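Written out below as structure tokens is the structure these notes cover.
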Amino acid sequence: MNQYPLVYLDHVQKVYGKHIALYDVSVNIQPGRIIGLLGPNGSGKTTIIKLVNGLLQPTSGNVYIHGEVPSARTKQVVSYLPDTTYLDENMKISETLRFFQDFYKDFNVQRAYQLLNDLQLHPEQKLKQLSKGNKEKVQLILVMSREADLYILDEPIGGVDPAARDYILRTIIQNRRPNSSVLISTHLIADVEQVLDEALFINQGRILLHENTTVLRNQYGKSIDEIFREQFRMY
Ligand SMILES: Nc1ncnc2c1ncn2[C@@H]1O[C@H](COP(=O)(O)OP(=O)(O)OP(=O)(O)O)[C@@H](O)[C@H]1O
């Protein structure tokens with residue numbers, strides 16, 4: 001058992017040119033948790049995600065995954081869904097699964113086929129034949145079928161029918177690797193809040209709150225979406 005937190009951001013500051021994107025951010029993520037990284041456009045969500053992935057370096061402070069700075073080794077335990085498409089549109093769904101199987105030795109192809117079935121996606125369909133929402137589902141299934149310690153989802157399922165978002169997230173999250181954590185970045189709070197264990201509110205590069213969602217609901221007598229809107233008046 002690793003004695004370090006899964007993720008620890010230790011007084012992280014990130015500056016792009018003259019713009020300060022993150023001010024003194026400290027965050028601790030434990031195993032087995034579903035965390036919503038919630039904030040309006042430009043608040044610093046993607047910057048945090050890229051720092052955890054090792055795609056960006058902090059200007060000051062440190063990022064640790066299992067007590068180590070991000071490296072090729074830590075990347076093996078993090079499965080990342082970027083907010084852009086990266087798959088060849090001419091591939092069939094089944095070919096994307098083979099591609100992931102070749103690329104990631106921790107890819108669980110049985111889980112991927114099970115999830116495709118659960119979400120009623122046909123493996124022989126080509127990506128270019130799929131709707132935006134169904135393409136997002138395929139990407140989510142690919143990322144969640146790795147045996148990772150941390151799954152990072154940057155704006156997942158924004159194109160999916162709102163009525164189906166909760167079901168899709170729930171299905172995928174319930175089938176993830178046991179005791180892994182999921183960090184979900186979104187501004188669609190109402191659609192994800194039922195699956196969240198913790199809420200991390202961020203605004204203008206500062207963490208405003210990091211709390212258990214049940215504690216928050218009980219404390220305010222409101223949904224996470226309502227608390228977010230009322231407390232921080234971002235909308
Ligand atoms: N490469 C860059 N150069 C300069 N400024 C940047 C760069 N990347 C991000 N920023 C700025 O840093 C701030 C945080 O951006 P970030 O992409 O982390 O926000 P976000 O919360 O993910 O936003 P969104 O919800 O719109 O995706 C924003 O003000 C953005 O304009």
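Note that ligands are numbered from 1 as they come in the structure, with each ligand's atoms numbered from 1 the same way. Keep in mind it's a predicted model, so treat the numbers as computed, not measured.
Residues satisfying the side chain to side chain contact (heavy atoms under 4.5 Å, CB included) test with Asp24, not counting sequence neighbours, are His11. Evaluation of the side chain to side chain contact (heavy atoms under 4.5 Å, CB included) rule for Glu211 yields Leu209, Val215, Leu216 as partners, not counting sequence neighbours.
Within ligand 1, counting atoms from 1 as listed, the ones closer than 4.0 Å to a heavy atom of Ser43 are 19 (O), 20 (P), 21 (O). Using a 4.0 Å cut-off to heavy atoms of Thr46, the atoms of ligand 1 that qualify are 17 (O), 18 (O), 20 (P), 22 (O), 27 (O). Close approach of ligand 1 to Asn41 is summarised as follows: ligand atoms under 4.0 Å from at least one heavy atom of the residue are 23 (O), 24 (P), 25 (O), 26 (O).
Between Phe103 and Phe99, the ring planes are parallel. Angles under 30° get that label, and only those over 60° would be called perpendicular.
The option from Gly42, Gly205, Gly44 that lies nearest to atom 13 (C) of ligand 1, judged by heavy atoms, is Gly42. Here the shortest heavy-atom distance to atom 21 (O) of ligand 1, taken over Glu155, Gln204, Lys14, Lys45, belongs to Lys45.
Using a 4.0 Å cut-off between heavy atoms, Pro40 contacts ligand 1 through its backbone alone, with no side-chain atom that close. Contact annotation for His19 and ligand 1: only side-chain heavy atoms (C-beta onward) come within less than 4.0 Å of the ligand.
With no hydrogens or angles considered, no side-chain donor-acceptor pair links Asn90 and Lys126 at under 3.5 Å.
Without hydrogens or angle criteria, Arg146 side chain to Gln76 main chain gives a donor-acceptor distance under 3.5 Å.
Partner of Pro156 under the side-chain contact (heavy atoms from CB on, under 4.5 Å) criterion, chosen from Leu81, Ile172, Val143: Leu81.
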